Amino acid sequence: MTDAESGAQRTVVVDVWFDPVCPYTWVTTRWLATAAQRRRVELRWHLMSLAVLNAGKNMGEEETAEMADSRAAGRLLAAVAQEQDGDLLSTVYTAMGERYHRRAQQMDHDLASAALAECGADPTLADAMEDSSYDDYVERSHAAGQRALGDTGGSPIVSIDGTAFFGPVLMSIPGSDEAASLFDAVTALGHAGAFSQIKRPRSGAPDVG
């Protein structure tokens with residue numbers, strides 16, 4: 001039995017802190033969902049917020065609009081986590097992402113209502129997008145991700161069996177075989193106490209699938 005085969009026989013606990021409007025995060029989470037079909041993975045989902053991370057910074061018009069989307073989507077998913085079954089968090093995120101990332105729909109009430117209804121959640125929770133009472137939940141979840149990382153980091157933060165890092169950043173969603181082998185590689189790095197960082201230059205926007 002190879003090391004990869006041995007690793008595939010045990011459950012790897014993966015915590016993911018994600019901002020729902022980040023395209024790179026969308027690609028990473030689709031990779032993890034694909035890898036989980038080939039490996040024994042317990043995926044646990046948590047909110048992080050680019051709006052919280054970048055609060056107070058001077059930004060251009062496009063970035064400011066993205067932070068507004070981040071805030072609205074975060075509130076919506078916080079409402080799902082608090083008001084509905086917590087297991088719906090990733091399901092609603094996926095339904096939102098299909099519309100926001102793949103179909104380029106606006107992050108608005110119509111998108112939210114349709115995504116919630118598709119998942120069997122209460123469509124009226126779409127009103128949470130304008131409800132600041134959910135900000136505290138988002139901020140606490142975001143802070144937990146930063147503590148897990150031990151530094152200030154963007155989205156996504158991925159923790160493998162308790163070792164957290166920023167990323168991995170992917171430029172496209174790998175197919176099933178590549179997703180599994182990449183998961184094995186990232187898991188090995190996560191378990192290597194000596195490992196700190198690896199980076200390959202990239203250009204362009206990610207292919208969200």
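For this chain, numbers begin at 1 and follow the sequence in order. All figures in this text were calculated on a predicted structure; none of them were measured in a lab.
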Engineer: Which heavy atom in Met48 sits nearest to a heavy atom in Ser155, and how many Å separate them?
Structural biologist: SD-CB, 3.3 Å
Engineer: Check whether any side-chain heavy atom of Trp26 lies under 4.5 Å from a side-chain heavy atom of Val21, and answer yes or no.
Structural biologist: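 Not in contact.
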Engineer: Could you tell me which non-hydrogen atom of Ile160 sits nearest to which non-hydrogen atom of Val12, and how far apart they are?
Structural biologist: CG2-CG1, 3.7 Å
Engineer: Going only through I, L, V, M, F, W and Y residues with side-chain contacts under 4.5 Å, is there a path from Leu182 to Val169?
Structural biologist: no
Engineer: If I take atom OG1 from residue Thr29 and atom CG from residue Leu43, how far apart are they, to the nearest 0.5 angstrom?
Structural biologist: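 CG of Leu43 is found 9.5 Å from OG1 of Thr29.
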Engineer: What is the distance from atom CG of Asp69 to atom SG of Cys22, rounded to the nearest 0.5 Å?
Structural biologist: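 Output value for this atom pair is 12.5 Å.
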Engineer: If only atom types and distance count, is the side chain of Ser70 paired as donor or acceptor with the main-chain N or O of Glu66 below 3.5 Å?
Structural biologist: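 Between the backbone of Glu66 and the side chain of Ser70 there is no qualifying donor-acceptor contact (under 3.5 Å).
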Engineer: Run the ring-centre check on Trp17 versus Phe166 and record whether the distance is less than 6.0 Å.
Structural biologist: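 No, the ring centres sit 6.0 Å or more apart.
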Engineer: Locate the shortest heavy-atom distance separating Pro174 from Ser172; write the atom from each residue and the value.
Structural biologist: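 Nearest heavy atoms, Pro174 then Ser172: CD-O, 3.3 Å.
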Engineer: Do His191 and Leu189 touch side chain to side chain, with heavy atoms closer than 4.5 Å?
Structural biologist: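 A side-chain contact is absent here, since even the closest heavy-atom pair is not under 4.5 Å.
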Engineer: Name each donor-acceptor pair under 3.5 Å that joins a side chain in residues 112-119 to protein atoms two or more places apart or in another chain, with its distance.
Structural biologist:
| from | atom 1 | to | atom 2 | distance (Å) |
| --- | --- | --- | --- | --- |
| Ser113 | OG | His109 | O | 3.0 |
| Ser113 | OG | His109 | ND1 | 3.3 |
| Glu118 | OE1 | Arg99 | NH1 | 2.9 |
| Glu118 | OE1 | Arg99 | NH2 | 2.8 |

Engineer: Is a donor on one side and an acceptor on the other found under 3.5 Å between the side chain of Asp161 and the backbone of Val13?
Structural biologist: yes
Engineer: Calculate, to the nearest 0.5 Å, the distance between atoms CG and CD1 belonging to Asp151 and Ile157 respectively.
Structural biologist: 9.0 Å
Engineer: Is the side chain of Thr34 donor-acceptor paired with the backbone N or O of Arg30 at a distance under 3.5 Å, no angle test?
Structural biologist: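 Flag set: sc Thr34 to bb Arg30 pair under 3.5 Å.
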Engineer: Do the side chain of His142 and the main chain of Leu50 share a donor and acceptor less than 3.5 angstrom apart?
Structural biologist: no
Engineer: Is there a path of hydrophobic side-chain contacts, each under 4.5 Å between heavy atoms of I/L/V/M/F/W/Y residues, joining Leu89 to Val52?
Structural biologist: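 Hydrophobic grouping puts Val52 apart from Leu89.
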Engineer: Run Ser49 and Arg71 through side-chain hydrogen bond (donor to acceptor under 3.5 Å, both in side chains) and show every step you take.
Structural biologist: CA-CA 7 Å; Ser49 174; Arg71 180 72 72 183; 5.0 Å; no
Engineer: So, for Val158 and Pro168, which heavy atoms are closest and what is the spacing to 0.1 Å?
Structural biologist: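 Answer, listing the atom of Val158 first, then Pro168: CG2-CD, 4.3 Å.
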Engineer: Do you know the tightest heavy-atom contact between Pro23 and Pro206?
Structural biologist: CB-CG, 3.9 Å
Engineer: Is Trp31 reaching over with its side chain to a backbone N or O of Ile173, donor-acceptor style, under 3.5 angstrom?
Structural biologist: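 Pair absent, no side-chain N/O of Trp31 close to backbone of Ile173.
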Engineer: Please say yes or no: joined through hydrophobic side-chain contacts below 4.5 Å, possibly via intermediate residues, are Phe165 and Leu53 part of one cluster?
Structural biologist: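 As far as the 4.5 Å side-chain criterion goes, Leu53 and Phe165 are not connected within one cluster.
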Engineer: Is there a donor in the side chain of Thr25 and an acceptor in the side chain of Asp19, or the other way round, less than 3.5 Å apart?
Structural biologist: no
Engineer: Nearest 0.5 angstrom please: His101 NE2 to Asp207 CG, how far?
Structural biologist: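 Spacing of NE2 (His101) from CG (Asp207) equals 13.0 Å.
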Engineer: Of all heavy-atom pairs between Pro20 and Gly74, which one has the smallest distance, and what is that distance?
Structural biologist: CG-N, 4.2 Å
Engineer: Say whether, by atom type as modelled, one donor and one acceptor occur between the side chain of Thr28 and the main chain of Tyr24 under 3.5 angstrom.
Structural biologist: yes
Engineer: How long is the straight-line distance from CG of Leu111 back to OH of Tyr100, given to the nearest 0.5 Å?
Structural biologist: 9.5 Å
Engineer: Under 4.0 Å between a side-chain nitrogen and a carboxylate oxygen: does that hold for Arg75 and Asp127?
Structural biologist: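 The answer is no: the pair does not qualify as a salt bridge.
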Engineer: Enter the distance from Thr91:OG1 to Met96:CE here, rounded to the nearest 0.5 Å.
Structural biologist: 12.5 Å
Engineer: Using side-chain heavy atoms (C-beta onward) and a distance below 4.5 Å, is Asp15 in contact with His46?
Structural biologist: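 With C-beta onward as the side chain, the pair touches.
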Engineer: Look only at the side chain of Ser141 and the backbone of Val138, and say whether a donor-acceptor pair between them is shorter than 3.5 Å.
Structural biologist: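 Between the backbone of Val138 and the side chain of Ser141 there is no qualifying donor-acceptor contact (under 3.5 Å).
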Engineer: So do Phe18 and Leu77 actually touch side chain to side chain, heavy atoms under 4.5 Å?
Structural biologist: yes
Engineer: Within a 6.0 Å radius of atom CG on Asp136, are there more than 12 heavy atoms belonging to other residues, nucleotides or ligands?
Structural biologist: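 Yes, enclosed.
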Engineer: Has the side chain of Arg102 got a donor or acceptor atom that lies under 3.5 Å from a matching backbone atom of Val208?
Structural biologist: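 Answer holds: yes.
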Engineer: Would Glu83 and Tyr134 count as having a side-chain donor-acceptor pair, cut-off 3.5 Å?
Structural biologist: yes
Engineer: Do Leu32 and Leu88 sit in the same hydrophobic cluster, where Ile, Leu, Val, Met, Phe, Trp and Tyr count as joined when their side-chain heavy atoms come under 4.5 Å apart?
Structural biologist: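 Yes, Leu32 and Leu88 fall within the same hydrophobic cluster.
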Engineer: Hey, does Met67 have a side-chain heavy atom less than 4.5 Å from the side chain of Met59?
Structural biologist: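 Heavy-atom side-chain distance check passes, below 4.5 Å.
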Engineer: Output, in order, the C-alpha distance, side-chain angles, deciding distance and verdict of side-chain contact (heavy atoms from CB on, under 4.5 Å) for Val16 and Arg44.
Structural biologist: CA-CA 6 Å; Val16 187; Arg44 305 192 299 202; over 6 Å; no
Engineer: When you compare the side chains of Thr11 and Arg39, does any donor N or O come within less than 3.5 Å of an acceptor on the partner?
Structural biologist: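 There is no such pair (donor and acceptor under 3.5 Å, judged by atom type) between the side chains of Thr11 and Arg39.
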